[in-house]
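Heavy-atom basis, side chains included; hydrogens, waters and symmetry copies ignored. Residue numbering restarts at 1 for every chain, and letters A, B, ... go by the order of the sequence lines. If you're wondering where the values come from, they're calculated on a predicted model, not measured in any experiment.
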Amino acid sequence: MEHITLLIGIVIVTALVFDFTNGFHDTANAMATTISTGALKPKVAVAMSAVLNLVGAFLSVEVAKTISGGIIDESAGIRPEVIFAGLIGAIVWNLLTWLAGLPSSSSHALFGGLIGATIVSVGFDAVNADKVVMKVLIPAVAAPIVAGIAATVATRLTYRLAKGRDEKETAKGYRAGQIASAALVSLAHGTNDAQKTMGVITLALVTGGVVAPHSDPPLWVIVSAGVAIALGTYLGGWRIIRTLGKGITDIQPPQGFAAQTGAATVILASSHIGFALSTTQVCSGSIMGAGLGRKGGVVRWSTAGRMAIAWCLTLPAAGLVAGGAAFLADQGTWGVTAVAVLGLAVSGAIYAASRRKPVTHDSLDETDAAAAEPVGVVTAALQAVAPPPAGPLSPEAGRTPAAAAS
Amino acid sequence: MHIDWAALGQVFGVSLVVTVGLVGIFTLGIVGTSSPSAGGAKASVLARTGAYACYALCAAAVGYGIFLIVG
């Protein structure tokens, strides 16, 4: 019993760490364009987003009873070790993409991690391939298209309607409107993503027999998950904010408003109709759409392409890391310890690599550096994790920690 | 494998209509309260009233959004 309690403690801490990375990874979704149009100052924007994330965590009591939405069969012997390994995979991928300044879906990283760990630990049978296609692959393709088209049309319309008006006056209006849309995105994010962590922790508690199956998460779980995601959000993922706010396209106030309103609408409409689309992909798509909608607007397809590659790799990469971690964790107590130590080491290495070229709210404007930088950072990160020469960057990213783990 | 195309199409349709509608209405509000860039006269009372009605519609939409998040 002693052992199980300790293991569950580790799972809870890991889940909160994931929640934290989720927070700073996804700040950009709500706030990147809000910051780049000047609607809110960087620090004010992340503070507002953090508060709304925290509020969002408490808003809904409809708990994600299944952490994975049926993607894995959670009754088929999912033990705390599997959850732990899945979380490690998701955290490592979140940190790597953050280092590269690429917005990728934290939920997909979590799904990928859980799938990988489940395959290694339980087998292919416990993974629901249909659900993977329905809940991950199709939404990932559909989200940027839906949001992109909506934002393009909306941007065209708003430029046409406001033609011949004093730009300074209209900019004020657009900025105010954008703050409202960004607030909605933050609120929705807090409700959805903080609940995912609550679901993970509750599942760990259930498997350890601490709480009864199908029970609501205890209050301390809700509070700690909300606080973790809010802290992460307040820290601000400035690298990703820079990519989304300036890297893809140059955002003017009307575009920022159209993009953010489109993102908020698509997120709410999709989750309400029951075809949930990933927040990250919706926001990225709507920003690209807004870039296309303005006359003379330029979308930097190289940056967009890098993002698309990261999206494709999220599931398999997080799965590979988690699979390796699950293999180790299955070996017993020393295996779990080894995974924890390796996870900390990799995170530390990524953090160290990020310090070489730190991005803060003060250095958001250095766009020229941004264009060339991300690839270099990834390379640096890989070299920090393992020496082999940098090939095609991202498969390497998935393989390295897994290889180190097995 | 069953792919729910109807739901996807619905998401697309609703998103497009609501986004374009909201952005359009809000822009009308902005147009109603701002002055032409050529430095012409300030907006008339009628234009202002219409503009505030537009803003009110948008505020209602935000309220509905919060309702969806909570519910």
Task: Side chain / backbone / both / neither for Leu157(A) at chain B, heavy atoms under 4.5 Å - done: side chain
- [ ] Under 4.5 Å heavy-atom distance to chain B, tell me which part of Thr191(A) shows up: side chain, backbone, both or neither.
- [x] side chain
Open item on the list: Quick check on Ala142(A) against chain B: is it the side chain, the backbone, both or neither that has a heavy atom closer than 4.5 Å?
Closed with: side chain
Task: Beyond-backbone contact of Phe12(B) with Val266(A), side-chain heavy atoms, under 4.5 angstrom - done: no
Open item on the list: Could you report the tightest heavy-atom contact between Ala180(A) and Val62(B), atom names first, then the distance?
Closed with: CB-CG2, 4.4 Å
Task: Parallel, tilted or perpendicular: ring planes of Phe26(B) versus Tyr174(A), cut at 30 and 60 degrees - done: tilted
TODO: With a 4.5 angstrom heavy-atom cut-off, could you sort out which part of Ile273(A) is near chain B: side chain, backbone, both or neither?
DONE: side chain
Task: Any side-chain heavy-atom pair of Ile138(A) and Leu8(B) under 4.5 Å - done: yes
- [ ] Would you mind reporting whether Ser34(B) and Thr170(A) have side-chain heavy atoms less than 4.5 Å apart?
- [x] yes
Open item on the list: So for Leu277(A), is it side chain, backbone, both, or neither that comes closer than 4.5 Å to the heavy atoms of chain B?
Closed with: side chain
Task: Side chain, backbone, both or neither of Phe67(B) within contact of chain A (heavy atoms, under 4.5 Å) - done: neither
Open item on the list: Name the residue from Val153(A), Ile149(A), Thr155(A), Thr261(A) that meets the side-chain contact (heavy atoms from CB on, under 4.5 Å) definition with Val20(B).
Closed with: Val153(A)
Open item on the list: Which one wins on heavy-atom pair count under 4.5 Å against chain A: Leu68(B), Ile66(B), Val23(B)?
Closed with: Val23(B)
Open item on the list: For Leu16(B), which atoms come within 4.5 Å of any heavy atom of chain A: side chain, backbone, both, or neither?
Closed with: both
TODO: Mind listing the closest non-hydrogen atom pair of Ile69(B) and Ala188(A) along with its distance?
DONE: CD1-N, 3.8 Å
